[in-house]
Amino acid sequence: MEILSVFHAFLIIEIMFISVLVVSCNHISMKGNSRSNFLFGTASSSYQFEGAFLNDGKGLSNWDVFTHEPGRILDGSTGDVAVDQYHLYQEDFDIMNYTGVNSYRFSISWARILPKGRFGKVNRAGIDHYMKFIDALLLRGIQPFVTLTHFDIPQELEERYGSWLSPHLQEDFSYYANICFKFFGDKVKYWSTFNEPNVMVLRGYMYGTNPPSRCSPPYGNCSSGDSEREPFIAAHNIILSHAAAVNIYRTKYQKKQGGSTGIVMNSIWFEPISSSLEDKLAAERAQSFFFNWFLDPILHGRYPAEMHELLGDDLPVFSKFDREILKTGLDFIGINHYTSFYAKDCMFSPCEPGKGASRIEGYALRTALKDGVYIGEPTSIEGLYVYPEGMQKAVTYIKERYNNTPMFITENGYGVEEMPNSTDDELLHDVKRVEYLRSYFEALADTMRSDGADVRGYFVWSLLDNFEWTYGYTIRFGLYRVDYGTLKRTPRLSAAWYRQFIADNPLQILSAHE
Ligand code: GAL
């Protein structure tokens with residue numbers, strides 16, 4: 001209650017400012033879209049939000065182990081407590097309810113359900129927790145949009161056989177997915193198998209910055225690994241794990257439970273740095289080596305041609321049996337979109353060294369600068385630039401390449417580093433975040449109207465500040481500020497803005513009261 005009244009006071013103070021912003025975004029309402037079930041929500045993940053890292057029988061995850069190793073996380077922190085959503089979810093769902101969202105994207109902690117993977121028992125307390133969690137959402141009319149794994153997996157599987165490097169993981173993932181469908185499938189209508197497997201394998205097996213931190217020079221500095229091969233092996237096992245899980249859903253549950261399944265990918269828009277054919281082809285290769293890498297096999301049954309050409313035998317091969325399983329496809333594509341880069345050809349002419357320039361990255365150098373000017377305003381996170389047109393171009397590209405498969409923007413948001421000694425006003429008056437969200441919405445709405453892109457929902461990352469992976473708690477993405485000493489949630493200007501935006505949106509009004 002206290003939070004809500006602070007929020008009201010805040011709203012009154014800010015109301016004039018917000019009205020200006022709302023007026024300026026009225027023209028972007030999605031009236032043209034006839035679907036009445038458009039999802040507006042916020043997104044999160046188990047490791048970044050839950051805390052309660054060994055409570056009620058949960059097993060260790062790879063991220064629990066990684067963050068406890070010295071030097072891994074910028075501020076030396078861990079997700080042991082995070083924002084303690086494990087205990088504070090009722091309060092968080094009240095906030096969501098107040099904000100007016102009709103969906104919440106979160107992930108299940110695999111190690112909370114299966115502390116030892118399939119080599120141990122199902123943790124009943126974990127099942128009960130998510131059951132209560134999901135019921136509490138539904139009670140408020142908020143649809144659960146569930147990711148099965150958002151980077152965290154039981155450590156047991158890492159230790160037994162090197163996690164995603166082993167084809168055994170396909171069996172583990174199917175086993176876990178089946179349990180989730182069985183227990184929660186009557187209540188959950190949106191399932192995504194993976195969050196950003198592209199980011200997961202690149203950071204985990206090419207650059208080595210995330211667990212299991214494997215890589216080889218010059219891509220990173222790890223004690224073991226093979227950057228030229230392992231990312232592609234891990235990706236292959238993930239693609240087949242996705243297919244196996246979707247297959248289980250289709251054959252055992254979908255008819256009865258009536259839900260849908262998809263995969264969430266990180267999407268970067270790559271803009272050719274010049275109008276030359278070489279740079280256009282480089283931008284296309286950059287897309288293939290980052291995004292199409294996973295979706296082409298899932299939706300077209302094979303890896304992109306550019307990957308075959310450049311990787312040769314380093315690219316694993318789908319067997320006849322695999323190709324059969326892959327036909328199971330998906331029902332929707334989840335798109336996490338935050339940034340764009342220029343792509344510069346390195347195949348036909350030599351490039352300076354940099355991300356993207358090598359053979360295994362598609363010979364397409366990523367750069368944010370063209371003639372000394374950034375593609376978009378830099379943010380506090382390296383590599384994230386504000387370029388809303390990138391959202392539009394990425395959605396149109398994905399729509400065309402994958403035959404307008406239904407899409408959700410499963411993440412989009414703005415991170416800032418809080419300066420010590422900031423005033424309260426500076427901590428809460430997040431005008432830049434509001435501008436970011438408004439401009440990306442505008443770009444999305446344009447694509448939906450002008451290109452007929454079948455986008456069915458939008459999730460802001462995130463409702464609350466939270467554990468930002470290797471940045472620890474130094475970068476804040478929340479519509480609500482979290483005081484990490486007390487865990488108190490306080491609304492920022494962007495929370496009021498999002499609430500007002502949703503309230504003004506006719507699509508939302510229809511869906512929320514159906
Ligand atoms: C995404 C990731 C999220 C969150 C976000 C903000 O790549 O899926 O977990 O950290 O970035 O940087």
Side-chain angles (χ1 to χ4, degrees), residues 37 39 41 43 45-46 102-114 117-118 121-139 141-150 152-154 157 168-195 197 237-265 294-295 297-299 301 321-334 405-408 410 456-457 459:
N37 54 349
L39 300 183
S45 82
S46 52
N102 61 0
S103 187
Y104 180 40
R105 175 172 176 251
F106 64 93
S107 74
I108 293 180
S109 156
W110 187 343
R112 206 180 281 293
I113 301 289
L114 291 168
R118 72 189 144 103
K121 291 203 176 85
V122 173
N123 178 27
R124 196 61 229 192
I127 301 278
D128 291 348
H129 166 74
Y130 289 112
M131 211 57 116
K132 284 189 268 170
F133 191 90
I134 291 167
D135 283 342
L137 281 172
L138 291 172
L139 196 70
I142 301 173
Q143 281 290 322
F145 194 109
V146 180
T147 309
L148 289 171
T149 178
H150 191 125
D152 55 332
I153 67 165
L157 307 179
H168 291 310
L169 250 281
Q170 297 169 37
E171 229 171 294
D172 289 280
F173 187 69
S174 311
Y175 182 78
Y176 164 58
N178 184 56
I179 289 172
C180 293
F181 299 147
K182 180 169 123 198
F183 282 101
F184 311 124
D186 286 337
K187 298 173 179 181
V188 173
K189 300 302 157 209
Y190 301 93
W191 291 104
S192 40
T193 51
F194 288 86
N195 177 73
N237 288 322
I238 289 174
I239 291 163
L240 291 172
S241 300
H242 162 91
V246 174
N247 208 36
I248 291 173
Y249 191 70
R250 295 229 191 282
T251 50
K252 282 176 72 177
Y253 299 101
Q254 194 159 29
K255 208 157 157 224
K256 202 165 47 168
Q257 299 179 343
S260 54
T261 56
I263 192 164
V264 170
M265 295 291 296
F294 287 77
L295 280 184
I298 293 170
L299 287 166
F321 176 76
D322 296 340
R323 286 201 302 276
E324 263 325 291
I325 296 272
L326 281 171
K327 286 192 182 142
T328 202
L330 44 64
D331 302 310
F332 65 82
I333 301 171
T405 299
M407 291 170 267
F408 290 90
T410 34
R456 302 191 175 185
F459 295 83

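Along the sequence shown, the residues carry numbers beginning at 1.
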Gln257 backbone acceptor or donor facing Lys189 side chain under 3.5 Å:
yes
Tell me whether Tyr176 contacts the main-chain N or O of Ala111 through its side chain, where contact means a donor paired with an acceptor under 3.5 Å.
no
For the residue pair Phe173 and Trp110, does the interplanar ring angle fall in the parallel (under 30°), tilted (30 to 60°) or perpendicular (over 60°) class?
perpendicular
Is Asn102 reaching over with its side chain to a backbone N or O of Leu39, donor-acceptor style, under 3.5 angstrom?
no
Which heavy atom of Ile142 sits nearest a heavy atom of Tyr104, and at what distance?
CG2-N, 3.6 Å
Would you say the side-chain atoms of Lys255 pair up with the backbone N or O of Thr251, donor to acceptor, closer than 3.5 Å?
no
Would you say the side chains of Ser107 and Ser45 form a donor-acceptor pair under 3.5 Å?
no
Using a strict cut-off of less than 4.0 Å between a Lys/Arg side-chain nitrogen and an Asp/Glu carboxylate oxygen, indicate whether Asp128 and Lys132 qualify as a salt bridge.
no
Arg250 side chain to Thr328 main-chain N or O, any donor-acceptor pair under 3.5 Å?
yes
Parallel, tilted or perpendicular: which fits the ring planes of Tyr130 and Phe133, with parallel below 30° and perpendicular above 60°?
perpendicular
What are the two closest non-hydrogen atoms of Pro197 and Ile263, and how far apart are they?
CG-CD1, 4.0 Å
Any side-chain to backbone donor/acceptor pair from Asn123 onto Arg112? Under 3.5 Å, distance only.
yes
Without swapping roles, check the side chain of Lys121 against the backbone of Arg118 for a donor-acceptor pair under 3.5 Å.
no
Could you tell me which non-hydrogen atom of Ala243 sits nearest to which non-hydrogen atom of Leu326, and how far apart they are?
CB-CD2, 4.0 Å
Measuring from atom CD of Gln254 to atom CD1 of Ile248, what distance do you get when rounded to the nearest 0.5 angstrom?
13.0 Å
Regarding Asp331 and Tyr190, is there a side-chain donor-to-acceptor distance under 3.5 Å anywhere?
no
Scan side-chain atoms only and decide if Gln143 and Asn37 contain a donor-acceptor pair under the 3.5 Å cut-off.
no
Is the backbone N or O of Thr410 less than 3.5 Å from a side-chain atom of Arg105, with the two atoms forming a donor-acceptor pair by type?
yes
Can you confirm whether more than 12 heavy atoms, excluding those of Lys182, are under 6.0 Å from its NZ atom?
no
Looking at Gly329, is its backbone amide N or carbonyl O close enough to the side chain of His242 to form a donor-acceptor pair, meaning the two atoms are under 3.5 Å apart?
yes
